[in-house]
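Take a look at the structure below.
Model, not experiment: these values are computed from the prediction. Reminder, nothing fancy here: chain letters follow the sequence lines and each chain counts from 1.
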Amino acid sequence: MPAFELSLLLSGPYHALLLAGLQVSLALLAVSFAVALPLALLVALAGQAPLAPLRGLAVVFVESQRSVPLLAHLLFWYFGAPELLPPDARQWLYEGDVEFLAAVIALSLYYGAYMAEDIRSGLRAVPVEQLQAARSLGLGFLPAMRHVVLPQAVRITVPPLLSQTLNLWKDTSIATVIGTAELMHQAAKVETESFRSLEAFAFATVCYLAVSLAIAAAAAGCQRRLAPGWRP
Amino acid sequence: MIGFDNVNKWYGRYQALVEITETIARGEVVVVCGPSGSGKSTLIRTINRLEPIDSGRIVVDGENIHRRGLDIDAFRSRIGFVFQQFALFPHLTALQNCTLAPVHHRRATAAQARERALALLDRVGLRDKADALPSALSGGQQQRVAIARALALQPSILLFDEPTSALDPEMVGEVLQVIKGLARDGMTMVVVTHEMGFAREVADRILFMDAGRILERATPADFFNRPQHPRAQQFLADLRSPFTS
């Protein structure tokens, strides 16, 4: 038996298992990111809003998400939250892909909070006169944010959002504890079935690395487009 | 057209405006001066509600502007405000700075707004800088674009909050020239400034403030030649000989 059997990863049942895991991981990333980013924007805007109750709500959300480990959130959404549902809804939930759903909810809310903080610090980096100048021209709070403050904040926000997205990508692996059939889960499964731990985890490592590099490249592209001198 | 009726404002325990009662007429050019911390910037910022007030009333064009329920955005779109630090939008060109608000308020199509903005930039002598970003402009040029931006909404009142205080000395003149031109055209203006030469030449009336109160109201000739209040006398003496007081 060779020390590292590459062919195991390139075809056959284990290859299919690992590839399916990668697909689930990518789906977790895509859906969670697509929910977390707009959520973060909403929370960040609420945190700057003229209405005090909205600001309070934003603080409560961010602190409740950030102060509890992601693992605890994950277990709550998987084991705890369904208990709160009426029996019919729970039944319907368990017939579907509840592992995937719980992971998406936990990751979206958790990273939504962190990304909201990144966007908030970007908004705060824009001088307060910018908002005042926009408001003095009769732009309402949201139009002033949209046309004046956000375009300036985005450039400042891209690098921290990138590292948050990388964290999100890596943390999709935590969903393995609730049995979501993502990449780490499948790698562990291949490992137990075939005893080829090196191959299984090498595959996972290369996948995480490759996707991380792709995310970083995409963010660099974003940053170039939004560089100073950019015109809408 | 701008009426203050017993206006008071506090910052915590510090009273920034004390029993301000004053009327500014249409077409009048009023210069507000006084030592720093006297409340003049606060006063001008209450006129478009950038600063809230704690008691009293401010009526602009017959409208009580600090009442709840006022459409503040519509109101502000009729009042131009020029900031000390210019506050141009750095991600937009000079032209885009001037067209953003008119297009937003649907006062004009993009093409009309562009035409008008180019005419305004021409008026402040910067038509050739229409496509420049603020970072490529000098301080004086940025402030002239800021004036064009304020004019783009065709306001009935222009407010200037120390428009030349952040400028290098050699750029003060070009900005004051633009403001003088507006004064000649009959624009209603309230100008907070330390430029006493400008005040003497352009103001219809001077308000002197100290410690949140308007202590003196006078024509420029009276204010500079026969100041009545001891604080005004001291202020003018300090300006004339800044190194001896």
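B:Arg45 touches chain A through its side chain: at least one heavy atom from C-beta onward sits under 4.5 Å away, while N, CA, C and O do not. For chain A, the nearby part of B:Ile79 is the backbone; its heavy atoms alone come within less than 4.5 Å. In this structure, the portions of B:Phe89 lying under 4.5 Å from any heavy atom of chain A include both its backbone and its side chain.
Applying the 6.0 Å contact sphere to CH2 of A:Trp92 captures no more than 12 heavy atoms from other residues, nucleotides or ligands. More than 12 heavy atoms of other shown residues, nucleotides or ligands fall within 6.0 angstrom of atom CZ in B:Arg107. The environment of B:Arg26 atom CZ is sparse: at most 12 non-hydrogen atoms of other residues, nucleotides or ligands sit within 6.0 angstrom. More than 12 heavy atoms of other residues, nucleotides or ligands lie within 6.0 Å of CZ in A:Arg90, so this atom counts as buried by the packing criterion. Residue B:Arg67 places its CZ atom among more than 12 non-hydrogen atoms of other residues, nucleotides or ligands, all under 6.0 Å distant.
Ranking B:Gln85, B:Arg149, B:Arg49, B:Arg78 against chain A, the residue ahead of the rest is B:Arg149, based on heavy-atom pairs under 4.5 Å. Your options are B:Leu88, B:Val82, B:Leu159, B:Ile72, and the one with the most heavy-atom pairs under 4.5 Å with chain A is B:Leu88.
Closest approach of B:Asp73 to A:Leu139, counting heavy atoms only: OD1-O, 3.6 Å. Nearest heavy-atom pair, B:Pro90 versus A:Gln130, reported as atom, atom and distance to 0.1 Å: CD-OE1, 3.4 Å. Contact detail for B:Phe83 and A:Ser136: the closest heavy-atom pair is CE1-OG, 3.7 Å.
For the pair B:His91 (side chain) and A:His147 (backbone), a donor-acceptor distance under 3.5 Å is present. Although no hydrogens or angles enter the test, the distance criterion places a donor-acceptor pair under 3.5 Å between the side chain of B:His105 and the main chain of A:Leu137.
From B:Leu50, atom CG reaches atom CZ of A:Arg135 across 9.0 Å, with rounding to the nearest 0.5 Å.
A 4.5 Å side-chain heavy-atom check between B:Leu92 and A:Val148 finds every atom pair outside the cut-off.
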